[in-house]
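Here the structure comes first, spelled out in structure tokens, and everything after it is commentary.
For the numbers below, each heavy atom of this structure counts, side chains included, while hydrogens, waters and symmetry mates do not. Every number for a ligand or one of its atoms is a count from 1 in the order of the listing.
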Amino acid sequence: MADAPLLVVHQLKRSVGGRTLWSNISFEVFPGEIWFLRGPSGVGKTLLLRAVACLDPLEAGWLKLSGQSPSEVGIPCWRAQVMYVHQSRVNFKGTPQEFFTLAQSFAAQKGRPRGDLAQLVADLGLDAGVLQQQWSELSGGQAQRVALAVSLALQPKLLLLDEPTSACDTEAALKVEAVLKRCSAAVLWVTHDPQQPLRVGGRLLELPEGNASSIHPQQQQQQQQQPGLSEQSAASQADGSAHGKDTVTPQGSSSSSRRVDLAAASAAGQGESGPTA
Ligand SMILES: Nc1ncnc2c1ncn2[C@@H]1O[C@H](COP(=O)(O)OP(=O)(O)OP(=O)(O)O)[C@@H](O)[C@H]1O
């Protein structure tokens, strides 16, 4: 039996200062999938992550996690399962270890599974000592990876990552990518690096400049009827060579097109390479 979607995003809308940033945003994320969220600076990627994390109220549309709305799940439990990792440094007076201990004490975290924080820190290329340093003393790249390690150790079902490698050097970024590739959570990942989706594999959600209501379900259906087209479009977008509504592939709800290995597709010089998970 095909998996049910983990997250359903239905016709979300967001305006700021009377200007609609995006509307009619609909897509589904299945367990374990990686989605890259791309678009020009200021288009509203962070605000979309915040909406999915239930950090901002929804202007229109609805969300469901494993078939339940935020009010059914309860906002603290939603946020325990749908974890947003900020672009900016964690604002916490204390060490990452203290932060992790505090987070585990929250009622919504009780009884939930835990990952091995020390191992995650090592896998991300950091010394174990960073867990005992003050957040404020960590470098930007260290702070970014430690925040990711803590979030992964809390084992959310969905990770919302806002440019998680923006402060990392190439070596550190590759380590982050490797860890995220094998994590069990689904990931919605904002990136400005056109090569990152090609290296990691996954699906693309492109927010075009202006009003992202140009994401039409009908176009997505047409793309899915032509094997390889949506994947090819995604690969060319990831390469920075195509833009615009014709190449948007946000609604990958059919199981056959769910997980696309963009790296393999690119290497093979063709669109479809089959599922990787
Ligand atoms: N709390 C807020 N109140 C009013 N406007 C906001 C608020 N937060 C963001 N904005 C505006 O909404 C727009 C989208 O912001 P957002 O941070 O989501 O963009 P982004 O696509 O993530 O950009 P970047 O790639 O530069 O991080 C911007 O014009 C920003 O100035």
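- The distance from ligand 1 to the heavy atoms of E163 drops below 4.0 Å at these ligand atoms: 25 (O), 27 (O).
- Around the CD atom of E171, the shell of radius 6.0 Å holds no more than 12 heavy atoms that belong to other residues, nucleotides or ligands.
- In this structure a side-chain-to-backbone donor-acceptor pair under 3.5 Å is present from K45 to G39.
- Tested against Y84 for a side-chain contact (heavy atoms from CB on, under 4.5 Å), the candidates T46, L159, L158, V52 yield a single pass: T46.
- Protein heavy atoms all stay at least 4.0 Å away from atom 31 (O) of ligand 1.
- If you check which protein heavy atom lies closest to atom 13 (C) of ligand 1, you get G42 O, 3.5 Å.
- Formation of a donor-acceptor pair under 3.5 Å by the R112 side chain with backbone atoms of L154 is found in this model.
- For the residue pair S166 / Q87, no side-chain donor-acceptor distance below 3.5 Å is found, with atom types taken as modelled.
- For ligand 1, the atoms sitting less than 4.0 Å from at least one non-hydrogen atom of H192 are 25 (O), numbered in the order shown with element in parentheses.
- You'll find the side chain of K175 stays beyond 4.5 Å of the side chain of D123, heavy atoms only.
- With a 4.0 Å cut-off on non-hydrogen atoms, L48 does not touch ligand 1 at all.
- Heavy atoms of R38 found under 4.0 angstrom from ligand 1: none, in either backbone or side chain.
- Counted by atom type alone, T165 and E177 present zero donor-acceptor pairs between their side chains at under 3.5 Å.
- Put simply, no part of G39 is less than 4.0 Å from ligand 1, judged by heavy atoms.
- The nearest heavy-atom contact from the protein to atom 1 (N) of ligand 1 is R14 NH2, 4.9 Å.
- For the pair Q144 (side chain) and E163 (backbone), a donor-acceptor distance under 3.5 Å is present.
- Within 6.0 Å of the NZ atom in K110, the count of heavy atoms belonging to other residues, nucleotides or ligands exceeds 12.
- The closest protein non-hydrogen atom to atom 17 (O) of ligand 1 is T46 CB, 3.5 Å.
- Protein heavy atoms are found inside the 4.0 Å sphere centred on atom 20 (P) of ligand 1.
- Taking a 4.0 Å cut-off on heavy atoms, P40 registers as neighbouring ligand 1.
- Counting atoms of ligand 1 from 1 in the listed order, those under 4.0 Å from a heavy atom of L21 are 12 (O), 13 (C), 14 (C).
- The side chain of V16, and not its backbone, has at least one atom closer than 4.0 Å to an atom of ligand 1 (non-hydrogen atoms only; side chain from C-beta on).
- In terms of modelled atom types and a separation under 3.5 Å, the side chain of W22 and the main chain of G44 share a donor-acceptor contact.
- With hydrogens left out, the protein atom closest to atom 8 (N) of ligand 1 is L47 CD2, 3.8 Å, a heavy atom.
- With respect to atom 26 (O) of ligand 1, the closest heavy atom belonging to the protein is S41 OG, 2.4 Å.
- A donor-acceptor contact shorter than 3.5 Å links the side chain of R89 to the backbone of L138.
- Counting protein heavy atoms under 4.0 angstrom from atom 3 (N) of ligand 1 gives zero.
- Listed by number with element, the atoms of ligand 1 under 4.0 Å from a non-hydrogen atom of R19 are 29 (O).
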